[in-house]
Every structure is written in structure tokens, then in C-alpha cells.
2 protein chains.
Amino acid sequence: MHRERIRHPGLQSKVTTALEASRHIRDGMTVGMSGFTRAGEAKAVPLALAARAKEEPLKITLITGASLGNDLDKTLAEAHVLARRMPFQSDPALRKLINEGEVMFVDQHLSETVELLRTHQIGPVDVAVIEAVAITENGGIVPTTSVGNSASFAILAEKVIVEINLEQSDVLEGLHDIYIPKRRPYREPIPVVTPESRVGVPYIDIPPEKIVAIVVTTKLDSSSTVLPPDDETRAIASHLSDFLQNEVARGRLTNTLQPLQAGIGSIANAVLHGFIETPFHDLTMYSEVLQDSTFDLFDAGKLRFASGSSITLSRECYGRVLPRLGDYKSRLILRPQEVSNHPEIIRRLGIIAINTALEVDIYGNINSTHVGGTHMMNGIGGSGDFARNAYLSVFVTKSIAKGGAVSSVVPFASHVDHTEHDVDIIVTEAGLADLRGLAPRERAREIIDHCAHASYRDALDDYFDRALKRGGQTPHVIEEALGWHARLREKGTMLAG
Amino acid sequence: MHRERIRHPGLQSKVTTALEASRHIRDGMTVGMSGFTRAGEAKAVPLALAARAKEEPLKITLITGASLGNDLDKTLAEAHVLARRMPFQSDPALRKLINEGEVMFVDQHLSETVELLRTHQIGPVDVAVIEAVAITENGGIVPTTSVGNSASFAILAEKVIVEINLEQSDVLEGLHDIYIPKRRPYREPIPVVTPESRVGVPYIDIPPEKIVAIVVTTKLDSSSTVLPPDDETRAIASHLSDFLQNEVARGRLTNTLQPLQAGIGSIANAVLHGFIETPFHDLTMYSEVLQDSTFDLFDAGKLRFASGSSITLSRECYGRVLPRLGDYKSRLILRPQEVSNHPEIIRRLGIIAINTALEVDIYGNINSTHVGGTHMMNGIGGSGDFARNAYLSVFVTKSIAKGGAVSSVVPFASHVDHTEHDVDIIVTEAGLADLRGLAPRERAREIIDHCAHASYRDALDDYFDRALKRGGQTPHVIEEALGWHARLREKGTMLAG
């Protein structure tokens, strides 16, 4: 069966084992692998690397699109193969090594990694390992459930290893739109003007002689770990949809809204899911990961078109969607992440961006990544690409965590990933703060009144009142500003007394 | 003479006094005024507003391109005319009222203000007041030494007041390139592909009947307050040019570099001036404000072309450049700030962005705006538009301030305007930190070793060593992280003991 998937006749002879293929990767190399939010990652060669590391010194720099599925980041971390990792991850075992300082983690805007590689400011990529549905007659690589950085890795790497995954549906062929921005100073406008614009070709176009090995695999993508909506996420969805309906009533938006982006995770997924119960219609998405909510909206007749860089679904949703992929195909595009997340296109299309905050401060600065200001959770991902350039930049979070020991609204963000300049709307289950056109003192009033949990509101009011007495554009009691985090570290709670 | 400047015959009758013109502006209105970095601001109507405020209740929201010259922000602040001000200012009297909480200051990325106005998320603009060299036969407004947000103000406002400034050289006509991005969802790629691309028309195109009053003025722009290079700024320039020459030697850049942007102020100006003494040639600029260094580089034969949104020069440089403006004209373009600062174009052109930091932390987060984390200095300006999307994002600062009582390199930034994701290079007179591709722990080592002042290096080392024992992607001793700022507030110095 794999012979039908390798249509370039000269490449049939490149089929080999994962172990043999992996020998192109040597200690100290930089490797670019497919995979974006647990979708379409190379599945066999990474395991061969982990196995080899038990026998020989083997440390690499691993660059991907985003997080890997099938516990591959865990396996590679536990085998101590990773010296350096970028631009995103979400695995607990890898996270532990990152926070211990064993793995150097470079947390990057997802649109930027290949810009840096292309200009030789990082890299070079020695070997690319790309999961594919097929190789075309001309040697073009057809990606699977994600594009991520795969195309640029294959173009920039000296050698390319392809994993043909027989379990990935051949209906995926034709879904992708591979457009690679030209090198500067010859770069032209990227001609994407709507979410459905097709501007490239449906395969990764490289000279076939760069493909040094082909490995045949059959393992499926991991399903997503997204949680179903709960009372809090339903309340967040409801606040946001009320707000957007009010924007429609005021003539600022129509009921088709603007193209939607939603970050990975349960809250953003639940918010989009909530749009089923609204008067919005003929919606479009221009996002990075397409989650269950995309297909829920398709099935509810609410969504007209979705563009992303990957498809990552729950087990239930995979079971529903994969057999009918052909029915959705004309309404879907998967793009390289430097196109799905490109500032140029995000600003042009005027996207409503919905991303998840770990922590927000009273002035609307957002921490998306660092627990307690120090320990990495996952990474900034594409949230900065979208939030900075959005028509409307929305951040969502529950108002408390750890059973109330942690307030998501704090006097001073212990780490800043998104500054107040890039945050228009904050929503928690308690309410929604509309920060547009407000100065910091006004933002604080909105955020404390509408977003903070009742159990922390008095303490935030007290802090803000005392800060106001000190004055300033952004008043703080500077010696207390991080006191809530210090107390959490020492006493296990942000609650005083 | 003003009759020659008002070429539309129907508009001659609109000439009136500043006071009469100002009566179109009433208490509570939102007013958009020309002016960007002390260049091309409306000069008469603001004074009439300040005078009227002594006699009648008059509070407005004032939106400009950036800062105003001729002490207008001071005069308006002292007359208590300003209820709300955006998106940038640099005046000490206004700053005082902002920090006292009298004036609500909305500090915005300079590319974003008109996006928000155009989508009615802020505004509407009731009246626009625009300084012009001339009004064309068709009623087109020809700006003077800045474009800023003038074009969109005039398009979006209900009424337009034009100040024809007879002292602004008529040679300025033809210098401007006014292109306005279309409303979404009809927006197309902005066709600027090189700094010299001309894509619009040389005047602001509005229906002439919107012009309700014309005021004739003769006051010149204020000269810039830029300081001449000193030993420290010369050292900063030298470190950066050495670094760039090394990039050329490594094949990452050529001696024509990439288009340059430099933020307003003495340090960035000195850095560009320093390029006179380098092998670089045929340079181009795609920047916001064009300062003395632009013309120094032209006169030294180093610069081929410069695009900006304003021209702001020292008294000496005005004296040299203005009489010969015709000689420079074919090598200059002034654009709306939503084009000069547009993320789409900045990413496309691959700009080397040089902006000034007030404070940097050991991980490379940048504070550009808030003294002590609380008190506004000027505003973020265009630094975020450029830093986020640059080919290379450089921040420059002297390593100490206030005679050594303040270290510009601190454990934890007291306010974050640019996150570590957007900062590639930091330069002080002590040296240069190249942060590309590094994890936070590695960034700290580079910044402390190369950028910190010798008098603070041991204290930074001590903090970082103790933070490392706590672990994390971005290690901190969280209860001490803002201790340097608390000490400065209490004892007037960051130095311990």
C-alpha cells in the first residue's frame, strides 16, 4: 500500500527503517520536525532517536511547528536527547527539564521561527523529518493533519526524511495550501485576502534528491486533551457573545462578525462552541489550530470556512469527522504557520482573536506562560501574532485557580507576554472588561469590578486605592506589587491572613 | 500670498481667524490634530482653545500623530483643556497632569490609533485640524513636515479646519505619499515593497465642502531637542556597527544592510550618525521620524533613500537642510503613520529597528515608558510596531542614569513594553548582548556580562545566582524582584548598603 503513496518512482528505493533513517541525525545537529498542537508529527524517527540515546551520545536542537503528540516530547525528554527546544511544547516531562535548566527552551512567536532560520540568524537545520500522506509524482511532500513549519524545514534542511503514515487519510491531499514568502528584499505582498484564499500549491515543493530516507508508519495522531465546557467556561462564552451582539447592535460588526481565531485549549474551545447558541451566522475562522469547536460550528451550520495550520480533535470528534473528511474539505485550508499566523494577514483580515491568559494584572497586562512568574507552562505560541494585530484582542481565563488559592487577577503580572497595548477585552466567568480607549487607571476599575473573583475583589480594591495615592500613569505600591506571588510561594495561597 | 496656497477657488472664502475657526470645537468633543514628533502640528487653533478655556468650560479628547511642538501640549495642559490624550506625548507639563491622573493618557502603538477610529471602536473624531502647505485645485490638503494621522483624521472627521502655514516651504509639495488602507473586509495588500515605493497621491483627498475654516499661520516648527553624540552614545554606536560588520562577514547581511528604523531621541540618532564611519553604503531608511542623522547620512553619501512620517531636526540641521530641501526631495517620502509603521510592511521589508529602552531586565524584557514602573515618560510610540516585526530588533540605552543611582539593567522590569520575544540585541556603552536563539537563562548571562554597568554587575550576578537555585524557565527571587525599585523610591538609589 505504501507504494501507491510514494508516486515518484525514483523514491521507492528510499524506504527504510526508522532506525536507519535516524542515522542521518547525529549528535549536535539541529533537526526540524513536523507537528503542530499534537497533529501530524513525525512518529517513528523520534522514537529511534530516543532508543539510540541509550547507546550513544546524542543531543540535538529540536525545532517543530508547536507541541508534539504521542508523548514524543516526553520520550525525547526522558531519553535526554533534547539540548535545545523551540518554539512551543506542552508536555509535563519536558516542562520539568526546561524548568530545571537541562533543556534550553526558546519560547517564540509561532510566525517567527522560520523567519529567523531563513535569514540564518538561528540554525541551520541539518535534517527535516516530515510526516506525509503521500509523495507526488514530482517528489512533492503532501503533509498530514498539520503544516506547521514543515514546508520551510524541508526547504531549508540539507536532508529530508519523510514518514509516510498509511493511517492518515488520503482525503487530506488537496487540503493544504503551501505558500512560502520570498526572501527579502524580494518579498512581495502575501496575496491572502480572505480566509479561503488559495495562494500556493497543495504539497511541499523540494528537489526529490533531498529526500534521503522514507519510513512507513501507521500510528494515529493523539487526540486532544480539551475538556468539555463547564459552568465557568459557559459563562465566559456567554459574556463574550453578549458583548459581540452588543457590538452588532451598535453597528460596529455584522452578524457574520470578523474572521475568528481561538488559541489552543479548553476555554477558547468552549467559547467558540458557545457561538452555536447565537444569532451569528456565516462565520469564518482564520486561526492556527482547528479544534472540536470548528467542526461543531460547521455541523451547526454556523461556520462557512476555516483556515488553520493543524486539526487537533478529541477522540469523539475524530470519530465523527474523519470518516466524513471529504464533506468538510471544500471548507477547510491548512497553511504553513508563517502564513496562518502572519501579522500582515491578521491585520488585513481584521481578526477577532481569542486567547487564554494564565494571569492578568489590574492594568490588563497578560501572563500566558509562567506559573508564579518563573516556571514555564507551555509557551506563548501564536497568541502574540494574533493579539498584536487583531481587530479585537480578547483574553479569557477563569478568575481563580487551585481551588481559590490563586487569583488570576493580580496587582502586577509576574511575567508579561502581552502588554496592555495588545489587550482589548478580558473575560472571566465573573464578567467582561472592555478596555478599548481607556487609560490604565480606568482599565483597573473595569478589570477589578468585572473580572476579579469576589474573594479577591476587596484586596484588589485596597491595593489599587493605595497605589492611586502614590500617583502615576500606572499606579503601584511597588514594594508590594509582587507580594501576592511571594505569599503564594511561601504559604500556598494568595489569600492574606 | 495665502491666496496662491489656496488653489481651490471655492475655499478662499473660508479663511478666518483661529478663534473663529476654533468655535467648531466644543466642550466634550474629540479632536484629531496634525503633528508628529514636533513636526507639522496645527499651531494657531490649539492656542485659541487654550485662550477660550479661560472663559468657558472646554475639555476635549485630543488625538494626534505623536508629540506636538511649540509647547502646545504644555499650553493645552496648563489651560486644562485636555480630558483625554492619545497616542503619544513628550511634554513635562502634560506628563505631570497625566501622572496626577487629571489627563487620561491612552498610550498606543502608533500604527493602531486610526485602525480603532476607522472601526468606531474609539472616537468618532468631531473635528480635524491639519497644518498644510497648500490646498490643491481640487481641495486636496498638502501636509507640511509630517503626515502622522492627518489623512485619516481629515477623512473620518465631520469637519476639517486647515491651517495654511506660509513659512512651511512650498517645496514640501510632492514629498508626501498618502495611501489609506481600505476598510475590512475589502482591504488589499498594501503595495509598498521597497522604502521608495510610491503607492498613493501627494495630498489628502477629501470632499472640499468638509473644510469649514482655513487659518493662515507663519510660525515655524520647533527644533528637536536631540543632544549631540557623547562618549557613551559613541560607544553604543561603535558596538552596534561592529556587530553589524560581523553579520556582514558571516554572510547574513550585505554592506547595504536592511532598511533602517531609528526611534526618536538622542541615542538612536547618535547610533545612526555613527554609521558614517562604517563600510556600509547605499543604506535606506524605513522609519517614522527622520532626524538629523538622516541628513548627516545623506550628506556623507551613505544613504540612498529615506521614508518616514515626519522630519524633525535640530536648529542647526534645519538651517542646513531647509534651503536645500529640493536637493533631497527625490530621496525622501513622508507617509501616514499607519503605513510607515504598518506591521505588514515592516515584516516584508525586513527592517533593522533601533529603539531606546528606559530599563531592561536580565532576561531582556524592556521598559520604554514608565519611570519606577509607575510614572509615564513619553509613551511607547512606534517602538512596538517595529520591534515586533523587525528583521533585527535592537534596543539601546546607557547602562546607568541619575549619576549611577539608577541601573538600566535590573533583575525584573518594573513595567514591560516589549517582551523578551521581541528583543534580539541590547546595546549599552558597556557592550552588546546578542540574544538570538537563546533561552532566558542564557540571555541573562549575555546581558549581565555585556550590558550592565560595572557598579551593578556583582549585584546582578548575586541575584541571578540565587534565582537559579529556585529554578524555572525564567528564574527569579520573586520577593526581591522589584526590590531595586523599592530601594530607589525609598533611598534615592538602587545601590545597596
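Below, chain A is the first sequence line, B the second, and so on; all start at residue 1.
- Chain A forms the most heavy-atom pairs under 4.5 Å with one residue out of M86(B), K182(B), R443(B), R436(B), and that residue is R436(B).
- For a residue to count as touching a neighbouring chain, one of its non-hydrogen atoms must lie under 4.5 Å from one of that chain's; by this rule A467(B) does not touch chain A.
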Tabulate below the donor-acceptor pairs under 3.5 Å that side-chain atoms of residues 109-117 of chain A make, not counting sequence neighbours, or state none.
unit_1: H109(A); atom_1: NE2; unit_2: R388(B); atom_2: NE; d: 3.3
unit_1: H109(A); atom_1: NE2; unit_2: D422(B); atom_2: OD1; d: 2.8
unit_1: S111(A); atom_1: OG; unit_2: D385(A); atom_2: OD1; d: 2.7
unit_1: S111(A); atom_1: OG; unit_2: R347(B); atom_2: NH1; d: 3.4
unit_1: S111(A); atom_1: OG; unit_2: R347(B); atom_2: NH2; d: 3.2
unit_1: T113(A); atom_1: OG1; unit_2: Q108(A); atom_2: OE1; d: 2.9
unit_1: E115(A); atom_1: OE1; unit_2: R118(A); atom_2: NH1; d: 3.2
unit_1: E115(A); atom_1: OE1; unit_2: R187(A); atom_2: NH2; d: 3.0
unit_1: E115(A); atom_1: OE2; unit_2: R187(A); atom_2: NH1; d: 2.8

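- Between atom NE2 of residue H415(A) and atom OG1 of residue T419(B) there is a gap of 7.0 Å, rounded to the nearest 0.5 Å.
- Q473(B) places a side-chain N or O within 3.5 Å of a backbone atom of F105(A) that can act as its donor or acceptor partner.
- In terms of heavy-atom pairs under 4.5 Å with chain B, the best-connected choice from H370(A), R470(A), E100(A) is R470(A).
- Among R95(B), H485(B), E442(B), the residue making the largest number of heavy-atom pairs under 4.5 Å with chain A is E442(B).
- Note on V193(B), I190(B), T119(B): by heavy-atom pairs under 4.5 Å with chain A, the leading option is T119(B).
- Rounding to the nearest 0.5 angstrom, the gap separating the CD atom in E420(A) from the CG atom in D417(B) is 7.5 Å.
- Contacts between E490(B) and chain A at a heavy-atom distance below 4.5 Å are absent for every atom of the residue.
- Counting all heavy atoms, side chain and backbone alike, R441(A) lies closest to G101(B) at CZ-CA, 3.4 Å.
- Note that the CD1 atom of I478(A) and the CH2 atom of W484(B) stand 14.5 Å from one another [nearest 0.5 Å].
- Ranked by heavy-atom pairs shorter than 4.5 Å toward chain A, the options R348(B), R85(B), H342(B) are led by R348(B).
- Heavy atoms closer than 4.5 Å to chain A are found in the side chain of F412(B), but not in its backbone.
- For R84(A), the part lying near chain B is the side chain, with the backbone staying farther off; criterion is any non-hydrogen pair under 4.5 Å.
- Between D107(A) and H421(B), some side-chain heavy-atom pair lies under the 4.5 Å cut-off.
- Using a 4.5 Å heavy-atom threshold, the side chains of H120(B) and R250(A) count as separate.
- If you tally non-hydrogen atom pairs under 4.5 Å between each of G472(A), A439(A), G251(A), P343(A) and chain B, the highest count goes to G472(A).
- If you tally non-hydrogen atom pairs under 4.5 Å between each of G350(B), P181(B), P440(B), A481(B) and chain A, the highest count goes to G350(B).
- Distance alone, capped at 3.5 Å, places no donor-acceptor pair between the R489(A) side chain and the E479(B) backbone.
- Remark: T194(A) OG1 to R184(B) CZ distance equals 15.0 Å, nearest 0.5 Å.
- In this structure, chain A has heavy atoms under 4.5 Å from both the backbone and the side chain of H476(B).
- Side chains of Q121(A) and L392(B) form a contact here, defined as non-hydrogen atoms less than 4.5 Å apart.
- Taking chain B as the reference chain and counting heavy-atom pairs below 4.5 Å, the highest number among D434(A), T369(A), V106(A) is found for V106(A).
- Most heavy-atom pairs under 4.5 Å with chain A: of the set N389(B), I122(B), N365(B), L438(B), this distinction falls to L438(B).
- Proximity to chain B is absent for every atom of E480(A), based on heavy atoms less than 4.5 angstrom apart.
- Residues of residues 377-384 of chain B lying within less than 4.5 angstrom of chain A, judged on heavy atoms, are I380(B), G384(B) in numerical order.
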